[in-house]
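Encoded as structure tokens, the structure appears first; notes follow it.
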Amino acid sequence: MSSLQVLLAPVVLVVAAALLGATVSASTQTYFIDTLVKVSIVVALYVFIGNSGVLSFGHISFVALGAWTAGVLTVPAGEKPAIMPNLAHWLAQRTTGNLTSLLLAALVGGAAAFVVGIPLMRLSGLAAGIATFAVLEITHNVLRYYERIGPGLNTFSSVPETTGLRQAAIGALVVIVLAFVYARSRFGRLLRATREDAAAARAVGTSVYSQRLIAFTISGLLAGLAGGLYVHLLPLNTEALYLDLTFITLAMLVVGGTTSLFGAVVGALAVSALDSFLAVAENGTSVFGIQIDLPAGTRVIVVGVLMAVVLILRPSGLTGGREFDLRRWRWRV
Amino acid sequence: VVVAVLNISWQTLADATALGAVYALMAVGIGLVFGVLRLVNFAYGQLIMSGAFALALASEWGWPVWAGILLCFAVVLALSVGMDYLVFRPLRGQAPAVMLVATFAVAFLLQSVALLWFGPLGKIASSLAYLNRPVTISGVEIRKITIVALVVAAMCLLALWLLLERTTIGLQMRASSMDFQTARLLGVRANRVIGVAVLISGALAAVVAVMLTVQNPLVTPDFALRDTIIVLAGVVLGGMNRPISATLGGFSIGFASGLLGGALPTEKSQYLPTFLFVAVIVILLVRPGGLFGRSQMAERL
């Protein structure tokens, strides 16, 4: 029963967000779709960071690779020469549908994470942090200048915008279910054991290295899928898949609570909600009859300050890093 | 001979050495704070950026050079101390991941404040531009700032070495970097040691701000961001535990990146970050504890 709760709570939140998004105007809806894509990215981060306790700055690389894969494959063949003049021949020839492009995005993300993980998962602590950062730098640099596999410095325009509210919600749910299944599996439990006490886990015969590699691959797969969803939402370029996105998604995870699936979803929704509200407020809006009109740019500042405040007051995140549990709520009432 | 083989000019070599020297200062600034707080300060680059904006404003207002440099120091030191009080202190003893993300938040906060205040195009700090002109030394043209950077960095490092090796507070800082708990038990005042480390680290950031603005007078909100990322990698490569290994790591990565930038043909030099960070990963795999670190004990149970 309690294990069902753990899955249901994030699912209910995502469905609620999607339903709420269905009631608003088309321009506001974009914020909801963007939020749901962020949920996918943050849950992908949780699969590795949350279960292993190792920080990774490199996951946006897999998001970027997924976005590049899905983008390159779905730009209509006739428009490819315009935005990607130097595209490799074998890529210029092929165009796939929406669903195929998402699956391939996930596969590319997972494969890249596996290959990168083989050497990197031997590291931990600061060395792992810097090495994953190095992966982000390399991916960003290569995607930016290697024009045989994508638009390079250009923006990925003309990608069919198939990520509407429904596709974003289904994508987020798929990612959540896979993350849940992994966390409940033998592998997820073993990895959490290495997080809690690496020496004890080793002593009972767990290979920290292979458990981390499994989680890294799955989390790269999910990140690739999220990247595919993202490129079908809005025209991306390399700068949109770099430091800012790394920062905001990591912040969402930490604010929500790193060690739980519930925390990842709550963090993504809470920070996105605030960020979107401020973005709207920058254009002028009214809440309960009070006119709010913030100067442009306040948004990042408010989010940054709140992030620091949450970290100082509740270092283990809004959810305390625990899964949703109805019993805790009953006691309080 | 090596120089001739790799087809590197003396000019490139001098510039690479100067870049290494500046990066060494940044590395030691980051390393000192890490030593006492176990905190990797991602916001270090934004401290430098703030100092650079102070210089740009001073030159816009027509202040004399010394006043501009004074303002730069004041701004950077005030920000470092403020950061320590408002963010580092409440977070002391938290998990490294939490502290790291908190400094990430501070970094982006400062950057967006700068973006709001000065706009994405930034400002130009022109008062020290004359240092960018070359002088000719035995047939080789070297920019004055290259020499200034080398001299200043050497002096800073020497002063720092004297402080760490010859004074009580320096001894306490080294002891705290080794084992903060034991140091406190032996009567080292935590707040004092941390305060001094933060101040020195801030002063170094101000020095770096002055030298980087001379080399690149256009100050934008993402000023020094790239440099900080590279230096952070260098610090970890060198070994974070001791100031000397952090310094060497910073110097090496600056030198390597300057040399690669000069030696690579133009069509390959856009991939400079890739070469650099592949090297970073390879070195981390071979020596996870750092190139110049002392061999570390396995994690204790």
Next on the checklist: Please classify the contact of Val54(A) with chain B as side chain, backbone, both or neither, using a heavy-atom distance under 4.5 Å.
Outcome noted: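 For Val54(A), there is no contact with chain B at all, as no heavy atom is under 4.5 Å.
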Item to check | Per-residue contact mode, Val135(A) against chain B (heavy atom under 4.5 angstrom) | outcome: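 Answer is both: backbone and side chain atoms of Val135(A) are under 4.5 Å from chain B.
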Checklist entry - What do you reckon, is OH of Tyr85(B) surrounded by more than 12 foreign heavy atoms closer than 6.0 Å? => result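 Counting neighbours around OH of Tyr85(B), 12 or fewer heavy atoms of other residues, nucleotides or ligands fall under 6.0 Å, so no.
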Checklist entry - Should we count CZ of Phe114(A) as having more than 12 external heavy atoms under 6.0 Å? => result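 Count not over threshold, so no.
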Straight-line distance of [X] [atom1] to [Y] [atom2], nearest 0.5 Å:
{"X": "Gln111(B)", "Y": "Phe247(A)", "atom1": "CD", "atom2": "CZ", "answer": "10.0 Å"}
{"X": "Asn141(A)", "Y": "Phe277(B)", "atom1": "CG", "atom2": "CZ", "answer": "9.0 Å"}
{"X": "Met99(B)", "Y": "Leu311(A)", "atom1": "CE", "atom2": "CG", "answer": "11.5 Å"}
{"X": "Leu284(B)", "Y": "Leu123(A)", "atom1": "CG", "atom2": "CG", "answer": "6.0 Å"}
{"X": "Leu109(B)", "Y": "Met307(A)", "atom1": "CG", "atom2": "CE", "answer": "9.5 Å"}

Write down the atom of [X], the atom of [Y], and the distance for their closest heavy-atom approach.
{"X": "Phe108(B)", "Y": "Asp244(A)", "answer": "CE2-OD1, 2.9 Å"}
{"X": "Val254(A)", "Y": "Val101(B)", "answer": "CG2-CG2, 3.7 Å"}
{"X": "Ala105(B)", "Y": "Gly304(A)", "answer": "CB-O, 4.1 Å"}
{"X": "Leu86(B)", "Y": "Ile312(A)", "answer": "O-CD1, 3.4 Å"}
{"X": "Val142(A)", "Y": "Tyr271(B)", "answer": "CA-CE2, 4.2 Å"}

What part of [X] gets within 4.5 angstrom of chain A, counting heavy atoms only: side chain, backbone, both, or neither?
{"X": "Arg226(B)", "answer": "side chain"}
{"X": "Leu285(B)", "answer": "both"}
{"X": "Val282(B)", "answer": "neither"}
{"X": "Val280(B)", "answer": "side chain"}
{"X": "Phe34(B)", "answer": "side chain"}
{"X": "Phe42(B)", "answer": "side chain"}

When [options] are compared by non-hydrogen pairs under 4.5 Å with chain A, the top option:
{"options": "Leu232(B), Leu276(B), Ile229(B)", "answer": "Ile229(B)"}
{"options": "Pro273(B), Ala233(B), Pro90(B), Ala107(B)", "answer": "Pro273(B)"}
{"options": "Leu100(B), Val87(B), Thr103(B), Leu272(B)", "answer": "Leu100(B)"}

Checklist entry - Which one, Leu243(A), Asp197(A), Thr139(A), Val310(A), leads in non-hydrogen pairs under 4.5 Å with chain B? => result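 When all of Leu243(A), Asp197(A), Thr139(A), Val310(A) are compared, Leu243(A) has the most.
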Item to check | Among the listed options Val309(A), Leu253(A), Leu55(A), the residue most often paired with chain B at heavy-atom distances under 4.5 Å | outcome: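 Option with the top pair count is Leu55(A).
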Checklist entry - Which residues in residues 127-134 of chain A have a heavy atom less than 4.5 Å from any heavy atom of chain B? => result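 From residues 127-134 of chain A, the residues near chain B are Ala127(A), Ile130(A), Ala131(A), Phe133(A), Ala134(A).
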Checklist entry - With sequence neighbours left out, which residue pairs that include part of residues 89-117 of chain B fulfil the salt bridge (charged side-chain N to carboxylate O under 4.0 Å, His left out) condition? => result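 Found Asp84(B)-Arg89(B).
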Checklist entry - Tell me, do Ile138(A) and Ile281(B) make a side-chain contact under 4.5 Å, heavy atoms counted? => result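 Yes, at least one pair of side-chain atoms sits under 4.5 Å.
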